[in-house]
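Structure, as structure tokens:
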Amino acid sequence: MAEFLVLGAGMVGVSSALALQARGHQVTVVDRTCAGLETSYGNAGMIQVEAAEPYALPRDMVTLFKYALEISNDVTWKMSGALPMLPALWSYFRHSSPEKHAKVSRVHSQLTIRSTADHAPLIRDSESEHLISRCGLVMLHRDDAEFEKASKKASFLLSEYGVTSNVYDGKSYMKEEPALKKTPAGAVHYTQSWSCSSPGGLTEAYSDLFVKRGGRFVTGDASTLQHTSKGWQILTSEGEVKAEQVVVALGPWSPELLKRFGYRIPMVYKRGYHGHFNAPKTLLRPFLDVANGVLAAPMVKGLRVTTGAALVPLNAPMDTRQLERGAAALNDMIDLGEQVEEPQWMGTRPCMPDMLPLVGEAPNHKGLWFHFGHGHQGFTLGPTTSQLLVQAIEGEKSELLDALSPADRLS
């Protein structure tokens, strides 16, 4: 048994703590707030088995031109955010080539295909079944040509990765989803994915389970982390806490902390927003309005509309244009109702340029473990990559662990 600090109480950090605890280790989770109040709070709530292939950066000039001029609602950006990210964006562009993306997807698909199975025992043990719907995820298309491409992609995902789906023409899906008030070109329903009506609530429930099983949760400042001759120590609300080993699971804040220890970690920061609406009709299944870059999903607080990516600095002021444009377009397809009055949420997805999370020991420090960079899939993959992290800590070797290891990817 070893003593571990886990920095970060989002889905990835809490899952790390549970996995280490299950192997008999003594674990203390440290976060500046409570569990599940950052990126894990405001995401779309999907456990995405269908996301076998991570989001690549488009390489065709038409799409890039639309992004540059913000014609597409998928991406907005600020020069102050894009310029510091240029090296990471260039690496992201190179890894998005068809050959490299196919190689990355062969790794990523091994994670997503087991995501629901890895969540299942934690959902059960945390008594969170009431938050989970096993109804899949729908990609809703308004354009006939795009729907045709999506149908072919669904066939490819089935043959290549075992991702199952049902494909509907527009009129057929109108019968499937009573909340629609306009006929789309068509829809692809990916059947294996699950949705959660309160992603923050599920993360908090996992954290409560960790504490119930004997774990320790304290508030503290990750920036006070120090390396000592005996391990690691950090300043918390309960004083100085020490441990032999530490797991950094701070999502987009991880690179800044690790600069102090000599690591320069390239990252693409993708901010997202959500809003809740009092929709008069409840969706049977969450769906992505592909043409407008927003995902609509039933939540405890109402129908949540979640945006695509804004390439801005972590501390950039709030800019809800994507949410406003996406919601206006979505209201043409379903009746959103009035927006719920609440503090505006925003969060940042921590995307590595090679589209794979960093899972493994730091190259230059014994007992320092990286567990971040999940991009859009931290909520989906937290329990899965936590199992792999524990395998790495216990000295296991595999091609999958090698692919996720920081050792060669940061050199």
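The model shown is predicted, which means the values in this text are computed figures rather than measured ones.
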Item to check | Worked check of salt bridge (Lys or Arg N to Asp or Glu O under 4.0 Å) between Glu127 and Lys212 | outcome: CA-CA 12 Å; Glu127 300 181 349; Lys212 182 180 179 181; 5.1 Å; no

Item to check | Chi angles and distances behind the side chain to side chain contact (heavy atoms under 4.5 Å, CB included) call for Lys149, Glu146 | outcome: CA-CA 5 Å; Lys149 290 179 186 176; Glu146 291 300 317; 3.4 Å; yes

Checklist entry - Stepwise, does the side-chain hydrogen bond (donor to acceptor under 3.5 Å, both in side chains) test hold for Thr380 with Gln48? => result CA-CA 6 Å; Thr380 293; Gln48 290 186 254; 4.7 Å; no

Checklist entry - Taking it one step at a time, do Ile265 and Ser254 satisfy side chain to side chain contact (heavy atoms under 4.5 Å, CB included)? => result CA-CA 9 Å; Ile265 299 172; Ser254 301; 5.9 Å; no

Item to check | salt bridge (Lys or Arg N to Asp or Glu O under 4.0 Å) between Arg134 and Glu129, worked out | outcome: CA-CA 10 Å; Arg134 294 164 174 80; Glu129 289 287 349; 3.2 Å; yes

Next on the checklist: Does Glu256 form a salt bridge (Lys or Arg N to Asp or Glu O under 4.0 Å) with Lys259? I'd like the steps, not just the answer.
Outcome noted: CA-CA 5 Å; Glu256 188 62 31; Lys259 279 183 184 178; 3.4 Å; yes

Checklist entry - Going through the checks in order, is the salt bridge (Lys or Arg N to Asp or Glu O under 4.0 Å) test met by Arg321 and Asp319? => result CA-CA 6 Å; Arg321 285 177 298 156; Asp319 180 355; 2.8 Å; yes

Next on the checklist: The test is side chain to side chain contact (heavy atoms under 4.5 Å, CB included); show your working for Leu137 and Met139 and say whether it passes.
Outcome noted: CA-CA 7 Å; Leu137 173 64; Met139 304 297 177; 3.8 Å; yes

Item to check | Step-by-step side chain to side chain contact (heavy atoms under 4.5 Å, CB included) determination, Trp77 to Met85 | outcome: CA-CA 11 Å; Trp77 59 285; Met85 284 190 272; over 6 Å; no

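A donor-acceptor contact shorter than 3.5 Å links the side chain of Thr307 to the backbone of Tyr273. A distance-only check finds no donor-acceptor pair linking the side chain of Ser172 to the backbone of Tyr168 [under 3.5 Å]. At least one donor-acceptor pair under 3.5 Å links the side chain of Thr39 to the backbone N or O of Thr348. Formation of a donor-acceptor pair under 3.5 Å by the Glu177 side chain with backbone atoms of Leu283 is not found in this model. Put simply, the side chain of Glu244 gets close to the backbone of Glu3: a donor and an acceptor are under 3.5 Å apart. The backbone N or O of Thr203 lies less than 3.5 Å from no partner atom in the side chain of Ser207, so there is not a single donor-acceptor pair. No donor-acceptor pair under 3.5 Å is formed between the side chain of Arg304 and the backbone N or O of Gly45. Between the Arg260 side chain and the Ser223 main chain, a donor and an acceptor come within less than 3.5 Å of each other. Here the side chain of Ser91 pairs no donor or acceptor atom with the backbone of Pro87 at under 3.5 angstrom. Proximity of a side-chain donor or acceptor of Asn43 to a complementary backbone N or O of Ser40 within less than 3.5 Å is detected.
Two residues are said to be in side-chain contact when any heavy atoms from C-beta on lie closer than 4.5 Å; Arg124 and Pro121 meet this criterion. Two residues are said to be in side-chain contact when any heavy atoms from C-beta on lie closer than 4.5 Å; Leu330 and Phe277 fail this criterion. Put simply, the side chain of Arg216 reaches to within 4.5 Å of the side chain of Val241, judged on heavy atoms. Counting heavy atoms from C-beta on, the side chains of Ser115 and Pro383 never come closer than 4.5 Å. A 4.5 Å side-chain heavy-atom check between Lys66 and Val62 finds at least one atom pair inside the cut-off. Residues Val290 and Phe147 have side chains not in contact (no heavy-atom distance under 4.5 Å, counting atoms from C-beta outward). No side-chain heavy atom of Ile234 sits under 4.5 Å from any side-chain heavy atom of Thr28. Between Leu368 and Leu258 there is a side-chain heavy-atom pair separated by less than 4.5 Å.
Note on ring orientation: taking the six-membered ring where Trp is involved, the planes of His274 and Tyr41 are tilted (angle from 30° to 60°). Aromatic ring orientation, Phe4 versus His25: perpendicular (interplanar angle above 60°, classes split at 30° and 60°). Between Phe372 and Phe370, the ring planes are tilted. Angles from 30° to 60° get that label.
The environment of Glu396 atom CD is dense: over 12 non-hydrogen atoms of other residues, nucleotides or ligands sit within 6.0 angstrom. Lys181 NZ: more than 12 foreign heavy atoms inside a 6.0 Å radius.
Checking Arg271 against Tyr269 by side-chain atom types alone, no donor-acceptor pair falls below 3.5 Å. Side-chain polar atoms of His119 and Tyr206 form a donor-acceptor pair below 3.5 angstrom.
From Leu20, atom CG reaches atom CD1 of Ile393 across 4.5 Å, with rounding to the nearest 0.5 Å. Atom OG1 in Thr320 sits 10.0 Å away from atom CZ in Arg325 (nearest 0.5 Å). If you take NE2 on His371 and CG on Leu404, they are separated by 9.0 Å, rounding to the nearest 0.5 Å. Rounding to the nearest 0.5 angstrom, the gap separating the CG atom in Asp332 from the CZ atom in Arg142 is 5.5 Å. Rounding to the nearest 0.5 Å gives a distance of 12.0 Å between NZ of Lys103 and CE of Met355. Distance CD1/Ile123 to OG/Ser128: 7.5 Å, rounded to 0.5 Å.
Under a cutoff of 6.0 Å and an axis angle of 45°, Arg32 and Trp253 form a cation-pi pair.
Here Asp354 does not pair with Lys100 in a salt bridge; the nearest charged N to carboxylate O distance is not below 4.0 Å. Salt bridge absent: Lys281 and Asp335 never bring a charged side-chain N and a carboxylate O closer than 4.0 Å.
Considering all non-hydrogen atoms of both residues, Thr116 and Gln192 come closest at CG2-O, 3.8 Å. The minimum heavy-atom distance linking Ala316 with Met346 is given by the pair O-CE, 4.1 Å. Here the shortest heavy-atom pairing between Asp74 and Ser72 reads N-OG, 3.0 Å. Met46 and Phe379 make their closest contact through O-CD2, 3.5 Å (heavy atoms, listed as atom of the first residue, atom of the second, distance). Minimum interatomic distance between Trp369 and Ala392 (heavy atoms only, all atoms of both residues): CH2-O, 3.8 Å. The two residues Val12 and Gly378 have their closest heavy-atom pair at CG2-O, 3.9 Å.
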